[in-house]
Structures are given as C-alpha cells and as structure tokens.
Amino acid sequence: MNQTIARLEQAGKTYQTGDQTIVALQPTTLEFRLGELTLIIGPSGSGKTTLLSLLGCVIYPSTGDLWVDGHHVNNMKTKALSKLRLNTIGFVFQSFNLLAPLNAEGNVAIPLQLQGVGASETQKRVEAALSMVGMTDRRFNLPKQLSGGQQQRVAIARALVTNPKLILCDEPTASLDKNSVSVVMDELRLLADQGKSVAVVTHDPRLKQYAHRIIEVENGIARETQTASSI
C-alpha cells in the first residue's frame, strides 16, 4: 500500500455568521497517498474547495483531526504551518497566479527564494522543473507571451520546484482549451505515477479518466466513489 501523506479523521469545517452556523464540510474521514492522483469532484459550493484548503493547511478543521506528512495540523502554530506548506505542499490554481513582471524562470524560482536556497542551486532546480513540464524553450518568456496551457505548465513547475510530496490543484483546467487540458492532466498524472500525491479539485467529470481515485463532494459530504479499477 502507498504511503499516506495526508489523513482526515472526522475532520469538518463550519463557519459562524451571526447566530447562523454554516457547514462547509461535514465530518470526513479520508486518506491521500503518495503515488496517486485523487480527483475531488462536485458542483460549485459543494465543499470541495474547503476540503482542498484543509489539505493545504490553509485553514484548521473545526472538528475532528488532520495530519499532513506526519504533523497533527490541529496543534500547529501559524509559523510552523507556513513552513509545512512551503516545504511539503505545492499549489496549482485555476488562474495560474504568475507574476506578470517575471519570466517563466523567475516565477518558478519564487518558492526557492522563500526557502533561502542559494542562486546556483535555485537555477539548477528551476531548469529541472521547467524541463519536467516541457517548458525549457519558454523559460525567458513573460506570462503574457504564453498561452493558457503554457502558463499552467509553468505554474506546475513552480509547484514542483521544492520537490513537495503533496500537490494540490484547484480547478487547474477550467481556463484551458481541450488540447491544453490533456497536456496538463497528463503531466499531473505522470507526477502521481512517479510518486507524488496529487489532488485535483474539479467540477468536470471528463477528468475522471486521469484519476487513480475519485472523491465526490455534495452538500458538504465527501465520500470516495471510485478507484482506477472501477473506472
């Protein structure tokens, strides 16, 4: 069995608005393992982004327990949580979140600069990350000079450059054309096959073909519905 990188045990999230309690995610028990691409699928407002935010250590669970890379997130201070995110988790967003004044190399280098990695080592790792997503020939291009698919591949390289164990993707294909969707999802599936844990939030059922496992979220309830053997 593949190693578990993140585990929720009856972990849920609620928000208080005045005297009203909003349940964003019902108590959920799930595991996310290395070597798997897990698709988290559901309609808008279903709770899937809340689940991703918990995995990304962006929010604390209101109930239950969360472990990421052996750390009990419930008990971690903000500074330790930031360090865990920086060193263990890579994020890929729908809107790419590339900095317009920086070229592809500059954007990919940002997490390493935050880690305090030296210039020579940074250059080597940036080149390797861009090579992994087939963007070496575009390394000096600004985001505005790249297509949507190319920008997303640079964003994936940025997520990869710190060699994270867990890669979290929030609607990574929603802004892409059909051909770019295939390229990006093939890249993410390959990363999972090479040993990363990749979690992809989407509302698009066409992405099911790329998944090892599928978790469906509806009305704040998350449950695993399919594995690769049943697709």
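The residues of the chain are indexed from 1 along the displayed sequence. Quick caveat, the model's predicted, so the values are computed rather than measured.
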Would you please say whether a donor-acceptor pair under 3.5 Å links the side chains of [X] and [Y]?
| X | Y | result |
| --- | --- | --- |
| His212 | Arg33 | no |
| Ser180 | Asp177 | yes |
| Ser82 | Arg85 | yes |
| Asn97 | Ser95 | yes |
| Lys165 | Asn87 | no |
| Glu218 | Ser46 | no |

Taking all non-hydrogen atoms of both residues into account, name the closest pair between [X] and [Y] and its distance.
| X | Y | value |
| --- | --- | --- |
| Pro143 | Ala100 | CD-O, 3.7 Å |
| Gly90 | Pro164 | N-CB, 3.6 Å |
| Gly47 | Leu25 | O-CD1, 4.0 Å |
| Ala155 | Phe96 | CB-O, 3.9 Å |
| Cys57 | Val73 | SG-CG2, 3.9 Å |

Say you draw a straight line from [atom1] of [X] to [atom2] of [Y]; how long is it, rounded to the nearest 0.5 Å?
| X | Y | atom1 | atom2 | answer |
| --- | --- | --- | --- | --- |
| Ile167 | Leu37 | CD1 | CG | 9.5 Å |
| Gln151 | Asn141 | CD | CG | 10.5 Å |
| Leu39 | Glu224 | CG | CD | 11.5 Å |
| Thr29 | Glu9 | OG1 | CD | 6.5 Å |
| Asp193 | Glu36 | CG | CD | 10.5 Å |
| Ile215 | Thr38 | CD1 | OG1 | 5.5 Å |

Check whether any side-chain heavy atom of [X] lies under 4.5 Å from a side-chain heavy atom of [Y], and answer yes or no.
| X | Y | result |
| --- | --- | --- |
| Val108 | Leu130 | yes |
| Thr225 | Lys208 | no |
| Phe93 | Cys169 | no |
| Leu166 | Asp69 | no |
| Val217 | Ile221 | no |
| Phe91 | Leu52 | no |
| Thr162 | Gln115 | yes |
| Met132 | Gln194 | yes |

Has the side chain of [X] got a donor or acceptor atom that lies under 3.5 Å from a matching backbone atom of [Y]?
| X | Y | result |
| --- | --- | --- |
| Arg125 | Thr122 | no |
| Arg189 | Tyr210 | yes |
| Gln152 | Pro172 | yes |
| Ser131 | Glu127 | no |
| Thr28 | Gly12 | no |
| Arg7 | Trp67 | no |
| Gln20 | Thr17 | no |
| Thr202 | Asp204 | yes |
| Lys48 | Gly42 | yes |

* To do: Cation-pi check, Lys13 to Tyr15: give yes when NZ or CZ is under 6.0 Å from the six-membered ring centre and within 45° of the ring axis, no otherwise.
  => yes

Side-chain heavy atoms nearer than 4.5 Å, only ILVMFWY residues, links allowed to pass through others: does that put [X] and [Y] together?
| X | Y | answer |
| --- | --- | --- |
| Leu160 | Leu86 | no |
| Leu81 | Ile89 | yes |
| Val183 | Val92 | no |
| Val184 | Leu190 | no |
| Val23 | Leu8 | no |

* Which ILVMFWY residues can you reach from Phe140 by hopping between side chains whose heavy atoms are under 4.5 Å apart? -> none

* **From CA spacing to verdict: side-chain contact (heavy atoms from CB on, under 4.5 Å), Val68, Leu84** => CA-CA 8 Å; Val68 174; Leu84 178 63; 4.2 Å; yes

* To do: Report the C-alpha distance between Ile41 and Ile214 in whole Å, list the side-chain angles of each, state the deciding distance to 0.1 Å, and finish with yes or no for side-chain contact (heavy atoms from CB on, under 4.5 Å).
  => CA-CA 7 Å; Ile41 191 166; Ile214 296 173; 4.0 Å; yes

* Partner of Asn75 under side-chain hydrogen bond (donor to acceptor under 3.5 Å, both in side chains), chosen from His72, His71, Lys77 -> His72

* Given the rule in the side-chain contact (heavy atoms from CB on, under 4.5 Å) test, do Leu98 and Leu102 qualify, once you have shown the distances and angles that lead to the verdict? -> CA-CA 8 Å; Leu98 301 180; Leu102 300 182; over 6 Å; no

* Passing candidate, side chain to side chain contact (heavy atoms under 4.5 Å, CB included) with Leu34, options Ile5, Val198, Thr4 -> Ile5

* Asked: Is the shortest side-chain N to carboxylate O distance from Arg213 to Glu31 below 4.0 Å?
  -> no

* Evaluate side-chain contact (heavy atoms from CB on, under 4.5 Å) for Gln10 paired with Asp65, printing each intermediate quantity in order. => CA-CA 7 Å; Gln10 291 297 300; Asp65 295 283; over 6 Å; no

* **Atom CG of Asn74: over 12 foreign heavy atoms under 6.0 Å** =>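 Count over threshold, so yes.
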
* State which residues pass side chain to side chain contact (heavy atoms under 4.5 Å, CB included) with Gln150; sequence neighbours excluded, sorted by chain then number. =>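 Gln150 satisfies side chain to side chain contact (heavy atoms under 4.5 Å, CB included) with Met135, Arg138, Leu146, Ser147 once adjacent residues are dropped.
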
